[in-house]
Number of protein chains: 2
Amino acid sequence: MASGSAARKPAPEPLVVLEEFLPYRLNVLAGLTSSALAQIYAERFGLSIPAWRVIVTLGQYECRTARDMAPDGVMHKSTVSRAVSALEKRGLVKRRPNLDDRREEWLALTPEGRAIYEAVAPEALAVGERLLSVLTPQEQQTLSALIDKLTRQARLLAPQDAEGEEA
Amino acid sequence: MASGSAARKPAPEPLVVLEEFLPYRLNVLAGLTSSALAQIYAERFGLSIPAWRVIVTLGQYECRTARDMAPDGVMHKSTVSRAVSALEKRGLVKRRPNLDDRREEWLALTPEGRAIYEAVAPEALAVGERLLSVLTPQEQQTLSALIDKLTRQARLLAPQDAEGEEA
DNA sequence: TTCCGATTGTTGCCATTGCAACCAATAGCA
DNA sequence: TGCTATTGGTTGCAATGGCAACAATCGGAA
C-alpha cells in the first residue's frame, strides 16, 4: 500500500457508516458463515448450497415435497427443482408420485443420500458449534431470541412473497 | 395444501434441525434484510447490490481505490470493477489516476452520484431503523457485540482469503 | 359436469458473478 | 541496472440462479 493510506478521508457528510449498518454487518457475517460451511459440503462432498439444503431437509423430515422445501422462503422453487433433479441423477434422492395429488411428488433420501447426510451433518454441526463457541450459553440464548425477533420483523419489511435471493 | 400435511414426519434420526441451525438462520435473516433494502436501492434507484455498496462507501470515504472497496472482504475485485464501470458509465462515479502509483485509480462520487447517495442513504437508514425498532436500545447494543464476536470467529473459520460469495 | 382460478413443478432465457488468466505497474533484491 | 514476485485492475468463460412463461393438476362454484 504505497500511498493509499490517504483513502480514509471521510466525505463531506457520511450519512451511512457501513461498518455500523446492521444489514451490511448481517450480510458479512452470513457470508463468512456460509463460506465456512461451504468448505465442508462443497469441497468435500460436491454439494451446492441448494443441494445441501435439500439433503438436510430430507434428513430431518422424510418425504417432503419440493414445495415444502423452502417454506421459510429461502429458495426459489426453480432452485429447488434443479437441485432435486441433480440429486436424483446422482442417486441421492428418490421421487415417488403422490397419488392423492399428482401435481406433487414425495421426496426422500436414498440409502446413499442418507449416508452422505450422516457424513456431512456432523461436520456441519461442528462448524456451527465452533462458531458459537465464542459465546457463553447465556449469550447464545440471547442471540437466538434476537435473531427470531429480527427475522419476524424483516419478514414484514421484505416484499411479501419474494424471499429467495441470496446465494 | 390438499394433503401435504403429512410432510412433517421426522426422519429416523434428524442430526440437524435446520430451524435451529445458526448458519441457516443467519442466512435467512440476512436474505430477508437484503430484500427489504433492495426494494429501496434497486427498484427505486436502479442500483445493484455491488453498486449500492460502492456508492455508500464513496459517500463515506472520498477517493477510495477499487481495491479498498471491499477490505472487509465482501465483494470480489471483479465485482467491484464491474460495478465501478457501470457507475462511471452512468456518470455517478469518476476516476482519477493516482500519479504516485499508476496501477490504481482514485474514485469519487460525481455531484450526480452524491445526489443519489443523499437520496438513497436516508431511506436505507430508515429500513435499518425499522428493523431495529423491535429491539430495545439495550438489546441493540447486545446484538452489536454478539455480531462482532461471531464475525471475528467466522473470519477465522472461513477460508483465509475467499470471502465474497453471497449475492 | 364444466369452467375458472390457484397451485405444483419444469424449463428457456438472461443477468449476475466467481474464477482464473491476463496486463500494467511497482517493489524488492541481487 | 535488470529480474522476479507482488499487487491493482480488467476481462473471457462458465456456472449459478432468478424470473416468467408454461404444462399438469386440483378445487370450487355455477
Side-chain angles (χ1 to χ4, degrees), chain A residues 1-5 7 31 34-35 38 42-43 46-54 64-71 73-89 93 95-107 158-159 161-167, chain B residues 1-5 7 27 31 34-35 38 42-43 46-54 63-71 73-89 93 95-107 158-159 161-167:
Chain A
M1 195 166 287
S3 60
S5 49
S34 289
S35 281
E43 295 178 10
L47 297 176
S48 66
I49 298 96
W52 149 257
R53 289 209 178 122
V54 169
R64 295 201 79 163
T65 70
R67 180 66 189 83
D68 290 329
M69 199 61 68
V74 189
M75 290 191 292
H76 237 258
K77 57 180 185 172
S78 60
T79 306
V80 175
S81 173
R82 285 188 258 247
V84 168
S85 291
L87 289 172
E88 191 191 22
K89 205 168 298 177
V93 162
R95 311 164 113 119
R96 199 158 40 83
N98 174 7
L99 299 180
D100 289 345
D101 185 341
R102 284 180 320 202
R103 286 175 303 186
E104 56 185 31
E105 287 170 320
W106 297 116
L107 302 174
D161 51 333
E163 304 191 14
E165 54 213 81
E166 3 122 44
Chain B
M1 195 166 287
S3 59
S5 49
N27 256 320
S34 289
S35 280
E43 294 178 10
L47 297 176
S48 65
I49 298 95
W52 150 256
R53 290 207 177 122
V54 169
C63 285
R64 295 201 81 163
T65 69
R67 179 66 189 83
D68 290 329
M69 199 60 69
V74 190
M75 288 191 294
H76 245 255
K77 58 179 184 173
S78 61
T79 306
V80 175
S81 173
R82 284 187 259 248
V84 169
S85 291
L87 288 172
E88 190 191 23
K89 204 168 298 177
V93 163
R95 312 164 114 119
R96 198 158 41 83
N98 174 7
L99 299 180
D100 290 343
D101 184 342
R102 284 181 320 205
R103 285 174 302 187
E104 54 184 33
E105 286 171 320
W106 296 116
L107 301 174
D161 50 331
E163 305 191 13
E165 55 215 81
E166 1 123 45

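Computed from heavy atoms alone, side chains included, the values below leave out hydrogens, waters and symmetry copies. Each chain gets a letter, A, B and so on, in the order its sequence line appears, and its residues count up from 1.
- Among the nucleotides D/dG8, D/dC19, C/dC19, the one closest to the side chain of B/His76 is C/dC19.
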Show me the protein contacts with nucleotides 10-13 of chain C, counting only N or O atoms at under 3.5 Å.
| residue | atom | partner | partner atom | Å |
| --- | --- | --- | --- | --- |
| C/dT10 | OP1 | A/Arg95 | NH2 | 2.2 |
| C/dT10 | OP2 | A/Ser81 | OG | 2.6 |
| C/dT10 | O5' | A/Ser81 | OG | 3.3 |
| C/dG12 | O6 | A/Arg82 | NH1 | 3.4 |
| C/dG12 | O6 | A/Arg82 | NH2 | 3.3 |

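- Side-chain atoms of B/Thr79 and B/Arg53, non-hydrogen and from C-beta on, never get closer than 4.5 Å to each other.
- Summarising the geometry, the separation between CG on B/Leu99 and P on C/dT26 is reported as 10 Å, rounded to the nearest angstrom.
- Checked by distance alone, A/Arg102 brings no side-chain donor or acceptor within 3.5 Å of a matching partner on the base of D/dT25.
- In this entry the distance linking CH2 of A/Trp106 with C1' of C/dT8 reads 13 Å, nearest Å.
- Ion pair B/Arg95/B/Glu88 flagged as a salt bridge, since at least one NZ, NE, NH1 or NH2 atom sits closer than 4.0 Å to an Asp/Glu carboxylate oxygen.
- In this structure the side chain of B/Ser78 reaches within 4.5 angstrom of the side chain of B/Arg82, judged on heavy atoms.
- Put simply, CZ on B/Arg103 is 6 Å from C1' on D/dG8, counting in whole angstrom units.
- Here D/dT6 presents its C1' atom at 12 Å from CZ of B/Arg67, a figure rounded to the nearest Å.
- Two residues are said to be in side-chain contact when any heavy atoms from C-beta on lie closer than 4.5 Å; B/Asp68 and B/Thr65 meet this criterion.
- Going from atom CG of B/Leu87 over to atom P of D/dT10 covers 12 Å, rounded to whole Å.
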